[in-house]
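All remarks here apply to the structure that follows.
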There are 2 protein chains.
Amino acid sequence: MALMAPTQQVKRRATNQGAAVKEALAAEDTFRSAQDVYATLRASGEKIGLSTVYRHLQIFVDDGLADVIHKPDGESTYRLCGDASTTHHHHLVCRQCGKAVEIEGPAVETWADKVAAQHGFSDVNHTVEIFGLCTACAA
Amino acid sequence: MALMAPTQQVKRRATNQGAAVKEALAAEDTFRSAQDVYATLRASGEKIGLSTVYRHLQIFVDDGLADVIHKPDGESTYRLCGDASTTHHHHLVCRQCGKAVEIEGPAVETWADKVAAQHGFSDVNHTVEIFGLCTACAA
DNA sequence: GTCTTATCGGGAATCATTTTCATTATTGCA
DNA sequence: TGCAATAATGAAAATGATTCCCGATAAGAC
Ligand SMILES: [Mn+2]
Ligand SMILES: [Mn+2]
Ligand SMILES: [Zn+2]
Ligand SMILES: [Zn+2]
């Protein structure tokens with residue numbers, strides 16, 4: 001059994017950079033890479049370093065504010081989570097522009113757990129991502 | 001609509017290196033990284049280069065002989081496919097040792113297509129991976 | 001055996017991500 | 001309000017997987 005670390009809220013300082021990264025993500029319902037966010041912020045005159053962008057994106061993930069999807073080419077992309085860490089969900093993602101729709105599939109959840117249990121696997125989680133072309137990109 | 005390239009069977013030469021990579025993968029029902037396969041082969045005295053390992057792993061994927069899973073840390077892992085490219089399936093994978101079981105979920109397939117269609121997405125595919133600890137690693 | 005060229009592999013190049021660490025800015029408190 | 005404690009920053013270097021380059025090697029055809 002894993003030790004359950006107390007959910008100690010880490011003390012975080014409010015900074016311009018942190019706010020800027022969050023705004024950049026909030027601007028679109030799209031999965032975006034750290035490099036992309038960084039380029040966008042710099043282009044808009046924001047004073048921020050690449051390390052800081054990576055740092056905040058990871059913080060968002062740790063805090064359950066953002067989801068991350070690893071593209072086949074290895075690049076990680078981030079997107080603010082609709083309703084924070086409350087609801088478990090997955091995504092329908094446009095492989096062209098990154099636009100994403102949050103989706104739920106209760107049946108998939110139970111299926112995944114059942115299959116894992118049947119094979120004796122424990123401490124289970126899963127990834128379910130549907131990729132395609134959004135209507136805009138299909139044109 | 002995508003042009004359907006003629007399924008021209010590429011002429012491939014039989015080499016010791018290609019066979020060695022396939023054997024290394026066949027030895028275990030586990031997803032393994034290129035670096036890992038390379039290290040294993042060299043350790044067993046095999047005369048092979050890292051580039052060649054990557055080359056053959058990619059060939060296996062192109063030929064539908066192997067599946068690839070991208071780990072969260074970005075590393076790609078490969079595993080020979082049970083029944084070649086015939087059956088679409090997913091995997092239940094041990095996040096500790098990489099041991100994998102091929103699984104099927106017809107309901108998930110139809111669900112994925114339906115959800116995508118409802119949102120107007122086209123040219124759809126999906127990834128479904130269940131991770132956990134196998135009985136051996138749970139001990 | 002000889003030729004053609006697919007394959008090999010050492011090493012350099014890419015490139016996203018991480019680490020380092022001196023500098024800067026935020027927050028709690030006197 | 002003033003200041004010390006320290007969290008945050010970011011430029012630069014390091015890391016590490018993967019790809020690229022290209023002269024050397026070897027499989028397959030005749
Ligand atoms: Mn789920
Ligand atoms: Mn499927
Ligand atoms: Zn799109
Ligand atoms: Zn295991």
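In what follows, chains are A, B, ... by sequence order, proteins preceding strands, each numbered from 1. The figures here come from the full heavy-atom set of this structure, side chains too, leaving out hydrogens, waters and symmetry mates.
- Summarising the geometry, the separation between CD on Gln58(A) and C1' on dG10(D) is reported as 18 Å, rounded to the nearest angstrom.
- One atom, CG of Leu41(B), and another, P of dG9(C), lie 11 Å apart when rounded to the nearest Å.
- A donor atom on one side chain and an acceptor atom on the other are not found under 3.5 Å apart for Glu109(B) and His89(B).
- With sequence neighbours left out, Lys99(B) forms a salt bridge (Lys or Arg N to Asp or Glu O under 4.0 Å) with Asp29(B).
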Polar atom pairs between nucleotides 11-16 of chain C and protein, under 3.5 Å, N or O only, would you list them?
from    : atom 1 : to       : atom 2 : distance (Å)
dG11(C) : O6     : Ser51(B) : OG     : 3.3

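- For the residue pair His90(A)/His126(B), the side-chain donor-acceptor check at 3.5 Å is not satisfied.
- Atoms CG (Asp73(B)) and P (dA17(D)) sit 9 Å apart, rounded to a whole Å.
- Here the C1' atom of nucleotide dT17(C) and the NZ atom of Lys71(A) are 15 Å apart, to the nearest Å.
- Distance, Tyr38(B) OH to dC8(C) P: 14 Å, rounded to whole Å.
- The interatomic distance linking Ile59(A) (CD1) with dA8(D) (P) rounds to 6 Å, in whole Å.
- Separating the CD atom of Gln17(B) from the P atom of dA24(D) is a distance of 18 Å, rounded to the nearest angstrom.
- Rounding to the nearest 0.5 angstrom, the gap separating the CG atom in Leu25(B) from the NE2 atom in His56(B) is 11.5 Å.
- The side chain of Lys47(A) approaches dA11(D) more closely than any other nucleotide in the set dT9(D), dA11(D), dC8(C).
- Under the 3.5 Å distance criterion, the side-chain polar atoms of Arg95(B) are matched with a main-chain donor or acceptor of Asp123(A).
- Taking atom CG on Leu57(A) and atom C1' on dT17(C), their separation rounds to 12 Å, with Å as the unit.
- Comparing Gly49(A) and Ala34(B), the nucleotide of DNA chain D nearest to each residue sits closer to the 5' end for Gly49(A).
- Across all non-hydrogen atoms, the minimal contact from Ala20(B) to Leu41(B) is O-CD2, 3.7 Å.
- Residue His56(A) is in sugar-phosphate contact alone, with no base atom involved, counting any heavy-atom pair closer than 4.0 Å across all strands shown.
- Note on residues 128-139 of chain B: no pairs pass salt bridge (charged side-chain N to carboxylate O under 4.0 Å, His left out), not counting sequence neighbours.
- The minimum heavy-atom distance between Leu133(B) and Cys94(B), with the atom names listed, is CA-SG, 4.0 Å.
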Show me the donor-acceptor pairs, under 3.5 Å and distance only, between side chains in residues 30-38 of chain A and residues at least two apart or in other chains.
from     : atom 1 : to       : atom 2 : distance (Å)
Arg32(A) : NE     : Asp36(A) : OD2    : 3.1
Arg32(A) : NH1    : Ala24(A) : O      : 3.1
Arg32(A) : NH2    : Thr40(A) : OG1    : 2.6
Ser33(A) : OG     : Asp36(A) : N      : 3.0
Ser33(A) : OG     : Glu75(A) : OE2    : 3.4
Gln35(A) : NE2    : Tyr54(A) : OH     : 3.2
Tyr38(A) : OH     : Arg42(A) : NH1    : 3.4

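- The distance from the CG atom of Asn16(A) to the OG1 atom of Thr52(A) is 11.5 Å, given to the nearest 0.5 Å.
- Within the nucleic acid shown, Ile48(B) comes within 4.0 Å of sugar-phosphate atoms alone, with no base atom in reach, counting heavy atoms only.
- Listed for the Ser76(B) side chain is no donor-acceptor partner under 3.5 Å among the backbone atoms of His70(B).
- When the C1' atoms of four end pairs are superposed on the next four at each end of the helix from dG1(C)-dC30(D) to dA30(C)-dT1(D), using five pairs per end, the two resulting axes differ in direction by 30°, to 10°.
- For the pair Phe121(A) and Cys134(B), the tightest heavy-atom approach, listed with the atom from each and the gap, is CZ-CB, 3.8 Å.
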Distances under 3.5 Å only, N/O to N/O: pair up the protein atoms with those of nucleotides 26-30 of chain C.
from    : atom 1 : to       : atom 2 : distance (Å)
dT26(C) : O2     : Arg13(A) : NE     : 3.4
dT26(C) : O2     : Arg13(A) : NH1    : 2.8
dT26(C) : O2     : Arg13(A) : NH2    : 3.2
dT27(C) : OP1    : Ala14(A) : N      : 3.1

